[in-house]
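Below is one structure; the comments refer to it alone.
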Amino acid sequence: MNNLSKRSYIVAAIFVVVGLIYIIDLFRLQVMDSDYKQSATNQVLREVVQYPARGLVYDRNGELLVYNTTAYDLMITPREVGEFDTLLLCNLLDITRPDLEEGIAKAKNYSSYKPSVLIKQISPESFALLQEQLYKFKGFHSQTRTLREYSYPVAAHVLGYVGEVNASDIKRDTYYKSGDYIGQSGVERTYEKQLRGVKGVKKIMVDVHNRNQGSYLNGAEDKPAEIGKNLVSTIDIDLQLYAEELFQNKKGAVVAIEPKTGEILAMLSAPTYDPGLLVGRVRGKNFSQLQNDTLMPLFDRSLQARYPPGSTFKPFNILIGLQEGAINNATRIVCNGRSSSPIKCTHNHISPASVIDAVRESCNPFLWNTFRSTINKYPTTAVGFHVWSEYVKRFGLGQRVSTEFYNENPGLRPTVEYYNRVHKGDWWQALTVRSLAIGQGELGTTPLQMANLAAILANRGYYYQPHIIKEVENDTVQSSFSVKHETGIDAQYFEPVYEGMRQVTIARLNRSVPGISYCGKTGTIENNQGIDHGAYMAFAPADDPKIALCVYVEHSKWGASYAAPIASLLIEKYLNDSIADNRLIYEKQMMEAVLTDPHNPELAD
Amino acid sequence: MPRRNNILANIDWLTVGLYLLMVFLGWFNIYAALYSDEHQSIFDITQQYGKQLMWIGFAAVLALIVMLLEDNFYVFFSYIIYGVFIVLLLLVPFIGKEINGARSWYEIGPFLFQPSEFTKSATALALARYMSTHGFKLQTPKSLLTVAAIILGPVFLILLQNDTGSALVYFSFVLVLYREGLSGVVLFFGTLIALLFVLALVLANLTLALIMVGVALIMYLIFNPKLKQFFYVAIIYALSIGFFVLLNFVVKTSFELAQFILTGAVVGSIIVLYQSVRNKLPNYTKIAIVFIGSILFTISVDYGFENLLEPHHQVRINELLGIESNPQGAGYHVNQSKIAIGSGGMWGKGYLQGTQTKFDFVPEQSTDFIFCTVGEEWGFVGTLSIILLFLVFFMRLIWLAERQRSTFSRIYGYSVAVILFFHFMVNIGMTIGMMPVIGIPLPFFSYGGSSLWSFTILLFIFIRLDASRLEKLSG
């Protein structure tokens with residue numbers, strides 16, 4: 001080995017040193033540094049949110065009320081948008097060029113890397129046309145969403161609507177992301193957690209051109225969306241449909257309850273609207289139109305309108321009197337008609353009147369005497385009044401009777417404290433608050449509470465919380481639905497009240513139901529702005545009540561004119577399935593009556 | 001026929017085995033780099049991996065032909081072969097086929113071949129022939145000029161075709177010349193200048209300054225390992241650099257910290273130089289001079305780059321060195337390549353499971369960046385294995401070259417080793433960001449008929465020469 005051949009070691013050493021440097025650098029790159037793994041993941045993985053279908057809503061007989069339909073959002077990823085035919089896109093989407101440009105600017109403002117929604121809720125028909133051409137628009141893609149669809153254009157207030165989440169929704173519940181939908185009223189809002197299901201996520205891989213290259217790890221890390229739970233409502237859709245038909249061109253409310261369970265059979269606020277109006281791309285426009293409507297269709301009278309109960313409350317004052325021993329079945333009270341004091345009686349009836357007469361004739365002097373005796377039985381007005389007020393509380397007034405409606409008005413129930421405050425001391429007495437005796441004054445009830453009162457009568461002294469949902473798929477309903485609420489009135493005292501109310505219903509053909517003996521009570525609500533409102537409260541059949549309801553018809557002058565016939569038709573429909581031939585004339589009358597006219601001051605609120 | 005048997009017995013089957021192993025590993029990785037659901041068969045000849053198998057088959061035929069020829073053929077025809085390829089290189093700009101804007105390919109029937117690929121073998125043959133001439137002395141000016149002409153001739157012609165990468169390969173012959181007697185100083189300074197030039201542009205000034213000071217101190221320690229003297233030298237540097245660093249924080253100037261450190265190093269080196277001359281320490285004198293020279297060179301490269309070059313030249317050099325982070329340019333390639341390799345981790349994602357290469361994030365993933373697929377799918381274990389495989393292969397080639405009796409065979413053998421090594425160094429270095437992005441393939445791994453055939457011919461000529469090494473007397 002000559003001197004130069006030793007240089008082979010130097011050459012070999014150079015090779016080895018370079019190799020070692022690379023090995024060390026590769027160790028740093030591949031084993032020590034985790035940044036590159038993160039970058040690789042970021043480049044390749046896209047998380048695609050899987051939106052679950054919202055739960056369906058059925059009526060009490062299994063009829064489908066609310067279901068889903070597919071709509072498409074057109075998404076845009078601004079960074080990837082190339083040159084495209086703006087005119088073609090505008091035509092396909094049926095929007096103007098400034099709209100499109102504004103949408104793109106907004107998307108850019110949000111993020112040029114992340115996709116955002118450009119056009120929401122494109123119908124399947126329009127989307128079919130768009131999809132054929134979508135390949136021409138680089139940087140645009142579609143996302144499937146579900147929208148609500150309704151089998152019948154009714155029960156809008158009960159079912160409620162779904163809308164996009166706002167900033168405070170997102171802040172309150174991190175489940176929601178901008179652009180998600182949330183139930184905003186009615187059942188959709190109350191049962192949002194059950195209906196919405198759980199969003200899923202699908203991890204897909206994309207190539208350098210952002211093209212889908214299939215699922216990541218064969219979907220091992222995917223989380224499928226869980227579809228929302230289906231609900232069975234207590235609503236009887238036939239009864240609901242019939243009620244809405246009867247209430248055409250009228251303002252008012254109906255609430256019908258199955259007394260033995262508290263299940264709401266029908267619930268209506270008129271005027272109402274087609275729930276389908278608040279779905280899809282037309283929602284915003286329709287919503288503001290409904291909001292500006294002078295008849296206030298978005299206002300839910302069945303839960304939010306507070307009427308003085310009027311005469312419909314009289315049976316309850318009598319029941320309190322009977323329970324307290326202030327009166328009994330033998331009590332007879334002289335009625336001096338219009339010259340009665342301190343409250344006159346406008347009805348001509350036999351005198352002295354019994355409990356039955358008083359209920360049937362709605363006799364004010366009888367009620368006043370009963371009320372005074374109840375209060376004055378006790379050493380002071382305050383103690384006596386407190387006893388009375390506690391009965392009223394147990395009747396469900398002055399508080400929300402339901403736990404399902406976020407917008408329920410609690411109504412009004414006067415207390416001792418209230419009058420002490422108003423009258424500054426203890427010098428007020430029964431006489432001072434005498435209007436309470438006839439259901440006027442500081443009493444206020446919503447139609448829901450009134451229907452609940454009807455259920456209390458039907459049940460002879462107790463009620464179950466009125467509710468709208470009876471079953472949740474794979475889940476339980478609220479336990480409060482099965483709590484029995486006692487009112488403290490013994491069942492025996494209901495007999496004379498029933499008799500009086502039954503006699504009310506047989507007086508006239510337009511409110512008697514063939515083959516059914518039932519109990520009813522009219523009421524009139526004074527209206528300072530125009531014609532008085534009529535109310536009617538009833539339950540049927542009298543011996544085994546299956547339906548308890550109240551009907552309010554605004555500007556109908558008396559309870560007898562519209563509210564009572566409508567209630568009788570609802571009872572007949574529910575119990576007999578059809579209206580007897582000889583009563584079809586009344587059905588027609590009721591349906592055709594027009595009691596709304598924005599130009600008639602008499603019909604103003 | 002006994003002769004034929006003799007040859008078969010003398011073939012270095014280990015080298016042939018390593019060659020086959022690398023070629024087939026390359027084929028599997030090309031398949032993995034391009035694998036898609038539509039084309040699942042590795043034999044699908046509409047895809048590159050299917051074609052690569054055909055190229056491998058053809059390479060085997062070429063290897064066989066190379067082996068069947070007499071060993072003297074390569075010696076006698078070396079100048080003629082060299083001459084033919086020089087002519088082919090000369091003519092290719094005029095009669096070649098244009099691909100990707102470069103007219104550097106010949107089309108023969110269904111085959112495309114790039115003369116510059118094969119010129120490497122031809123140059124190695126001519127160089128071996130010239131340097132094995134009886135009485136050859138590398139040190140004479142005439143020899144040096146002739147050797148330079150043989151090597152730089154093809155470089156010049158290839159540069160004319162704008163193929164910088166292929167041209168740079170020829171500088172690897174410096175190592176062959178070193179083995180044959182070129183002064184180590186030339187190798188050392190050549191390497192130092194090239195290294196400093198690149199580092200001055202690539203590294204941040206501060207990093208470079210610290211590296212230079214560190215290297216200088218290590219040199220002092222190695223070349224005169226007397227701890228006491230080294231201790232003095234270290235103190236001198238520490239004090240002078242410390243002074244200037246302190247000055248940097250006291251006096252407000254427009255100069256950077258790195259420049260203060262280098263100034264300190266220069267002052268320190270002058271002191272060391274003075275002391276070493278007085279105390280007769282020639283090694284310390286040399287190191288101090290080289291250190292001062294290196295610092296001045298580095299500063300002048302930086303200065304020259306910033307002030308003398310036109311902006312568009314700066315951009316080109318930056319891109320070549322992978323400094324410019326132009327998303328469409330070299331910076332993007334290197335970044336994607338590092339992401340792919342880095343994401344492989346220790347054990348890799350598994351065969352055919354790579355995403356960065358398959359989904360086109362890495363450009364040229366089957367040719368110049370094939371190493372990314374190895375890194376991504378086989379992890380550090382895979383890259384380590386491939387590098388060790390290459391190192392074993394190179395060691396074997398050096399060992400084979402050294403055992404030749406004929407100078408011709410030895411020089412040719414070294415040429416094969418350094419040419420393959422240069423490709424290996426630049427190709428892998430570029431995928432991990434340590435080398436500028438120069439488009440040259442990884443031998444035996446990268447997709448492409450022309451490069452595979454040229455490497456095969458290059459290697460098998462040597463295997464053929466080695467097989468008959470015993471028949472020759474020392475040349």
Side-chain angles (χ1 to χ4, degrees), chain A residues 1-47 79-80 112-113 203-221, chain B residues 36-37 175-176 178-182 184 187 191 335-336 338-349 353-356 358-363 371 375-376 379-384 386-388 390-391 394-395 397-399 401-402 410 414 417-418 421 424-425 428-429 431-434:
Chain A
M1 193 176 265
N2 63 30
N3 203 26
L4 281 178
S5 73
K6 280 184 188 160
R7 290 192 171 185
S8 63
Y9 296 113
I10 302 286
V11 175
I14 291 172
F15 289 10
V16 170
V17 166
V18 169
L20 282 179
I21 290 172
Y22 286 1
I23 288 169
I24 291 165
D25 196 56
L26 281 163
F27 186 76
R28 182 188 62 76
L29 194 68
Q30 296 188 282
V31 182
M32 313 286 286
D33 200 333
S34 60
D35 284 359
Y36 294 103
K37 290 161 196 73
Q38 192 54 51
S39 303
T41 310
N42 290 349
Q43 286 196 136
V44 168
L45 289 192
R46 294 279 178 280
E47 293 196 349
R79 190 178 63 124
E80 289 161 18
S112 56
Y113 289 82
K203 288 187 175 175
I204 61 158
M205 297 185 290
V206 294
D207 70 3
V208 70
H209 307 294
N210 218 11
R211 286 179 305 218
N212 189 345
Q213 297 291 329
S215 65
Y216 177 62
L217 295 177
N218 282 325
E221 288 189 5
Chain B
S36 72
D37 285 337
L175 274 179
V176 178
Y178 169 70
R179 164 63 184 82
E180 296 302 320
L182 190 70
L187 186 66
T191 314
N335 190 37
Q336 287 297 344
K338 285 166 87 171
I339 289 173
I341 295 173
S343 68
M346 177 61 102
W347 304 104
K349 296 175 186 171
Q353 302 301 312
T355 52
Q356 307 300 310
K358 226 179 300 313
F359 299 155
D360 298 339
F361 289 100
V362 177
F371 194 66
E376 189 180 10
F380 177 66
V381 174
T383 54
L384 176 69
I386 297 298
I387 287 177
L388 291 178
F390 269 106
L391 287 181
F394 295 144
M395 294 305 111
L397 288 179
I398 290 173
W399 186 79
E402 283 295 333
R410 183 180 68 231
Y414 265 99
V418 299
F421 171 74
F424 159 85
M425 177 178 77
I428 291 182
T431 61
I432 56 180
M434 296 189 80

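Quick note on labels: first sequence line is chain A, next is B, and so on, each numbered from 1.
For A:V16, the parts lying near chain B are the backbone and the side chain together; criterion is any non-hydrogen pair under 4.5 Å. No part of B:V362 comes within reach of chain A, as not one of its non-hydrogen atoms sits under 4.5 angstrom from that chain. For a residue to count as touching a neighbouring chain, one of its non-hydrogen atoms must lie under 4.5 Å from one of that chain's; by this rule B:E180 touches chain A with the backbone only. Interface remark: B:M395 contributes side-chain atoms only to the contact with chain A (heavy atom separation under 4.5 Å). If you measure heavy-atom distances from A:I10 to chain B, the contacts under 4.5 Å come from the side chain alone. Proximity to chain A is limited to the side chain of B:L388, based on heavy atoms less than 4.5 angstrom apart. With a 4.5 angstrom heavy-atom cutoff, B:Y414 touches chain A only via side-chain atoms.
For the options B:I341, B:L391, B:L384, heavy-atom pairs under 4.5 Å to chain A are most numerous at B:I341.
Minimum heavy-atom separation, B:I339 to A:S39: CD1-CB, 3.7 Å.
In this structure, the side chains of A:S5 and B:R179 come closer than 4.5 Å at one or more pairs of heavy atoms.
Without hydrogens or angle criteria, A:K37 side chain to B:G344 main chain gives no donor-acceptor distance under 3.5 Å.
The CD1 atom of B:I398 sits 7.0 Å away from the OG atom of A:S8 when rounded to the nearest 0.5 Å. Here CZ of B:F380 is found 12.0 Å from CZ of A:R28. Values are rounded to the nearest 0.5 Å. Distance CE/B:M425 to CZ/A:F15: 9.5 Å, rounded to 0.5 Å. A distance of 12.5 Å separates NZ in A:K6 from CD in B:E402, rounded to the nearest 0.5 Å. Annotation: the span from A:Q30 atom CD to B:K338 atom NZ amounts to 12.5 Å, rounded to 0.5 Å. Once rounded to the nearest 0.5 Å, the distance linking OG1 of A:T41 with CD of B:Q356 reads 8.0 Å.
Each of B:F421, B:F394, B:Y178 was evaluated against A:V11; a single residue qualifies, B:Y178, per the side-chain contact (heavy atoms from CB on, under 4.5 Å) test. Across B:I386, B:I387, B:T431, a single residue satisfies side-chain contact (heavy atoms from CB on, under 4.5 Å) together with A:L26, and that is B:I387.
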